[in-house]
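Labels below follow one simple rule: chain letters A, B, ... track the order of the sequence lines, proteins then strands, and each chain is numbered from 1.
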Amino acid sequence: MILARHVLAGDSLAAARVLIGARLVHEGPDGRRSGRIVETEAYIGTEDRASHARFGRTARNAIMFGPAGRAYVYLVYGMYDCLNVVTGEEGRAAAVLIRAVEPIEGIDAMRDARVAWAARRGRATASASGLRDSRLASGPGLVSVAFGIDRSHNGVDLCDVESSLRLEAAEAGDRLPDIATSARIGVAYAAEPWRSMPWRFVDASSPVSGAGDRGPRRR
DNA sequence: TCAAGGATCCGCT
DNA sequence: GCGGATCCTTGAA
């Protein structure tokens, strides 16, 4: 079932928590890919010095000021697309970054996407068979690679059943997430208190982002 | 118009 | 654990 928009339109921290355990779904030419979201980070308001909205409204971040439930996709480091979900009330810039997903459906397509991406960059990479499921979407850049998301998806309504890219609520029988919080990753440039805000949420029971084979990244 | 730097990942040491 | 790849966005001039 599609994720209800009002869940995202309220408090952004609550939204970041609700997204843990929810499903990311992409119906594309390569079939249906889906996964369980296991790591998120919230960026809230123009006063948040770690947020892209810290300089106010610009052409790039305009989508963050819009209604909740839309996708905000941006390029970081010149090579990685990152998927965010716009949250909070319209007019106030807020978004939740999807940092990691546990693959469920379309794992072969994700593996193919990863190999094709590496080839495009002319990089040697692990063979397709050597890629473990838990590593396919274990970082914000990798989520986009695995699901075939790029900036053409910027502005897509993730709460519309008609969208090829959308969010679905956890299904009955899904394991309940064991939610842990910590400071956000890669925001050392931001002043306090923003640098240390515990606005990162992970499912500690997930093999992808929790006490998995690599564990949370530090910086 | 320009220079600086960033919400990252991977391979090698 | 460290450094390289790689290019868009921003603020200042």
Between dG5(B) (P) and His52(A) (NE2): distance, integer Å: 16 Å
Ring geometry between His52(A) and Tyr72(A) (parallel below 30°, tilted from 30 to 60°, perpendicular above 60°): perpendicular
Sugar-phosphate, base or nothing in reach of Leu75(A), heavy atoms under 4.0 Å: sugar-phosphate
Rounded distance (Å) that lies between atom P of dT8(B) and atom CD1 of Ile149(A): 16 Å
Presence of salt bridge, Arg36(A) and Glu171(A), under 4.0 angstrom: no
Residue-phosphate contact under 4.0 Å: Arg54(A) side-chain N/O, dG6(B) OP1/OP2: no
Contact summary for Ala109(A) and Arg33(A), nearest pair of heavy atoms: CB-NE, 3.9 Å
Test: Arg184(A) cationic atom under 6.0 Å from Tyr43(A) six-membered ring centre, within 45° of axis: yes
Complementary nucleotide for dA7(B) - Watson-Crick or wobble, under 3.5 Å: none
Check: dA5(C) base within 3.5 Å donor-acceptor of Tyr77(A) side chain: no
Under-4.0 Å side-chain N/O to phosphate OP1/OP2 contact, Arg60(A) with dT10(C): yes
Watson-Crick or G-U wobble mate for dT6(C), both contacts under 3.5 Å: none
Distance below 4.0 Å between Thr58(A) side-chain N/O and dT10(C) OP1 or OP2: yes
Touch class at under 4.0 angstrom, heavy-atom based, for Ala59(A) against every strand present: nothing
Distance, rounded to the nearest Å, where Phe55(A) contributes CZ and dG6(B) contributes C1': 10 Å
Protein-nucleotide distance (Asn154(A), atom CG; dT9(C), atom C1'), rounded to Å: 14 Å
Candidates dA7(B), dA5(C), dT10(C) - which lies nearest the side chain of Val187(A): dA7(B)
Listed nucleotide nearest any side-chain atom of Tyr80(A), set dA7(B), dC9(B), dG11(C): dC9(B)
Atom-to-atom span, OH of Tyr72(A) to C1' of dC8(C) - whole angstrom: 11 Å
Euclidean distance, atom CZ of residue Arg114(A) to atom P of dG11(B) [Å, nearest integer]: 9 Å
Interatomic distance where CG belongs to Leu136(A) and C1' belongs to dC10(B) [whole Å]: 15 Å
Whole-Å distance separating the CZ atom of Arg135(A) from the C1' atom of dC9(B): 11 Å
Nearest to side-chain heavy atoms of Arg151(A), which nucleotide of dC9(B), dT8(B), dC8(C): dC8(C)
Residue that, paired with Arg17(A), satisfies side-chain contact (heavy atoms from CB on, under 4.5 Å) out of Thr181(A), Val96(A), Asp11(A): Thr181(A)
dG5(B) base stacked by Tyr189(A) (centroids within less than 5.5 Å, tilt under 30°): no
